[in-house]
S.K.: 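One structure is given below, represented as structure tokens, and several questions about it will come after.
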2 protein chains.
Amino acid sequence: MAARTMLPVHAAPTCSVAGAAEIVGSKWTVLLVHDLSEGPRRFTALERSCEGISPRTLAERLRWLETEGIVVRHSYAESPPRVEYALTPKGQALLPVVREMRRFGHDWLGCGVHET
Amino acid sequence: MAARTMLPVHAAPTCSVAGAAEIVGSKWTVLLVHDLSEGPRRFTALERSCEGISPRTLAERLRWLETEGIVVRHSYAESPPRVEYALTPKGQALLPVVREMRRFGHDWLGCGVHET
DNA sequence: CAGTATCCTCAAAGATACTG
DNA sequence: CAGTATCTTTGAGGATACTG
């Protein structure tokens, strides 16, 4: 897919499925939620687990997820600086979707057998 | 989201979630599966229920879903011509994902309350 | 470490018109 | 009815380099 419009977000989609699709409709979004489901993660950790994402895209996605209320950013004024991202309750509400996606991938795409 | 690459499909994604995201990662795909979950539908019917999709895009999406084995096309040599699209077992396996998406949309996006 | 700043590519998909 | 043919826009997101 391509130039899908990822951002209208508050245009109140016609149906709940379409609304969820706006959010789920990105490989990165889903992957990030999946990663964060195991606990808070730092920028670099997410960068590593999302094979091939660029820092630009990662920062953008995280910012977007934050405005969607799916992720929270916690910044600790330490040295070296530490920032962690975590799921909000809304973000956690997305986990059943991710779970079913994983099941589907496992059952029908013949992959992910050994993964979490 | 935008110019997301929707088609690598057989590049065997790293994990099952990513694999499913390749499929679910389009508003249209999900909407079409959702529509077809109620039974076979004709081109024009799908065109109507997918508010705003162009015939070009619809035809393309359907073709893609067909090659993915998610949808079957049945063409009846009548006059006027009739073509119907239906979900395959693989396509039906996607329904739990759609169901969870709908639940999420309903619970957190405040929409879809009266819809199927 | 956790990002920004720039530049650029490229494919999804809209609009419109036409056809077997 | 069920699409195809063109043409064009658009914007996500990759690459790379730099910074508080």
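Below, chains carry the letters A, B, ... as their sequence lines are ordered, and counting in each starts from 1. What you see is a predicted model; the values in this text were computed from it and never measured. These values consider heavy atoms only, across backbone and side chains, with no hydrogens, waters or symmetry-generated copies.
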S.K.: Step by step, would you call Val33(A) with Leu87(A) a side chain to side chain contact (heavy atoms under 4.5 Å, CB included)?
M.R.: CA-CA 7 Å; Val33(A) 169; Leu87(A) 291 183; 4.3 Å; yes
S.K.: Would you mind reading off the distance between Arg41(A) atom CZ and dG3(C) atom P, rounded to a whole angstrom?
M.R.: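 Between P of dG3(C) and CZ of Arg41(A): 16 Å.
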S.K.: In whole angstrom, what separates Ile53(B)'s CD1 from dA13(C)'s P?
M.R.: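 Roughly 8 Å, once rounded to whole Å.
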S.K.: According to a 4.5 Å side-chain heavy-atom criterion applied to Ile, Leu, Val, Met, Phe, Trp and Tyr, with indirect links allowed, do Leu36(B) and Leu95(B) form part of one hydrophobic cluster?
M.R.: yes
S.K.: Can a side chain N or O of Thr44(B) be found less than 4.0 Å away from OP1 or OP2 on dA2(D)?
M.R.: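 For Thr44(B), the contact criterion (side-chain N or O under 4.0 Å from OP1 or OP2 of dA2(D)) is met.
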S.K.: Nearest-Å distance, CG (Leu65(A)) to P (dG13(D))?
M.R.: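 It is 11 Å, rounded to the nearest whole Å.
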S.K.: Given atom CG of Leu62(A) and atom C1' of dT4(C), what is their separation to the nearest angstrom?
M.R.: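 Going from CG in Leu62(A) over to C1' in dT4(C) covers 14 Å.
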S.K.: Taking atom P of dA2(C) as reference, at what distance in whole Å does atom CD of Glu47(A) sit?
M.R.: 9 Å
S.K.: Any donor-acceptor pair under 3.5 Å linking the side chain of Thr57(B) with the backbone of Ile53(B)?
M.R.: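 Flag not set: sc Thr57(B) to bb Ile53(B) has no pair under 3.5 Å.
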S.K.: OP1 or OP2 of dG3(C) versus the side-chain N and O atoms of Arg73(A): is any pair under 4.0 Å?
M.R.: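 Yes, Arg73(A) has a side-chain N/O under 4.0 Å of OP1/OP2 on dG3(C).
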S.K.: Under 4.0 Å between a Lys/Arg side-chain N and an Asp/Glu carboxylate O for Arg48(B) and Glu51(B)?
M.R.: no
S.K.: Report the distance from atom CG of Leu31(A) to atom P of dG13(D), rounded to the nearest whole Å.
M.R.: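 Result: 12 Å.
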S.K.: Can you find a side chain N or O atom of Arg63(B) that sits less than 4.0 Å from OP1 or OP2 on dT4(D)?
M.R.: yes
S.K.: Determine: side-chain N/O of Arg56(B) to OP1/OP2 of dA5(D), distance under 4.0 Å, yes or no.
M.R.: no
S.K.: As a test of reading the structure: which of dA2(D), dG13(D), dA17(C) is closest to the side chain of Val83(B), going by heavy atoms?
M.R.: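 Selected nucleotide (nearest to the side chain): dA2(D).
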S.K.: Nearest whole Å is fine: how far is dA2(C) P from Leu46(A) CG?
M.R.: 9 Å
S.K.: Which nucleotide, dA2(C), dG14(C), dG14(D), lies nearest any side-chain atom of Thr57(B)?
M.R.: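 My answer, after comparing the listed nucleotides, is dG14(C).
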S.K.: Pair up each side-chain donor or acceptor in residues 75-84 of chain A with any protein partner under 3.5 Å, not counting sequence neighbours, and list the distances.
M.R.:
residue	atom	partner	partner atom	Å
Glu78(A)	OE1	Arg82(A)	NE	3.3
Glu78(A)	OE2	Arg82(A)	NH2	3.1
Arg82(A)	NH1	Glu84(A)	OE2	3.3

S.K.: Does this structure show an ion pair linking Glu100(A) with Arg103(A), if we count only N-O contacts that are shorter than 4.0 Å?
M.R.: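 Yes.
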S.K.: Do the side-chain N or O atoms of Trp64(A) get closer than 4.0 angstrom to the phosphate oxygens (OP1, OP2) of dG11(D)?
M.R.: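 No, Trp64(A) has no side-chain N/O under 4.0 Å of OP1/OP2 on dG11(D).
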S.K.: Please check this pair: side chain of Thr88(A) against backbone of Val72(A), looking for a donor-acceptor N/O pair closer than 3.5 Å.
M.R.: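 No; judged by distance alone, with no hydrogens or angles, the pair does not exist.
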S.K.: Using the closest heavy atom to pick a nucleotide of DNA chain D for each, name whichever of Ser54(A) or Arg82(B) lands nearer the 5' end.
M.R.: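 This one resolves to Arg82(B).
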S.K.: Nearest heavy-atom pair of Gly69(B) and Lys90(B): which atoms, and what distance?
M.R.: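 Closest approach of Gly69(B) to Lys90(B), heavy atoms only: O-CB, 3.5 Å.
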S.K.: Please work out if Tyr85(A) contacts a base, only the sugar-phosphate, or nothing of the nucleic acid, heavy-atom cut-off 4.0 Å.
M.R.: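 The answer is sugar-phosphate, as Tyr85(A) gets under 4.0 Å only of primed atoms, P, OP1 or OP2.
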S.K.: Consider the side chain of Pro81(B), meaning its heavy atoms from C-beta on, and name the nucleotide among dC1(C), dC1(D), dA15(D) that approaches it most closely.
M.R.: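 The nucleotide sitting nearest to the side chain is dC1(D).
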S.K.: Output the rounded distance in Å from CD (Glu60(B)) to C1' (dG14(C)).
M.R.: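 Checked: the CD to C1' distance equals 12 Å.
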S.K.: For DNA chain D, write out the stems as range with range, using runs of 3 or more consecutive Watson-Crick or G-U pairs with both distances under 3.5 Å.
M.R.: C:1-20 with D:1-20
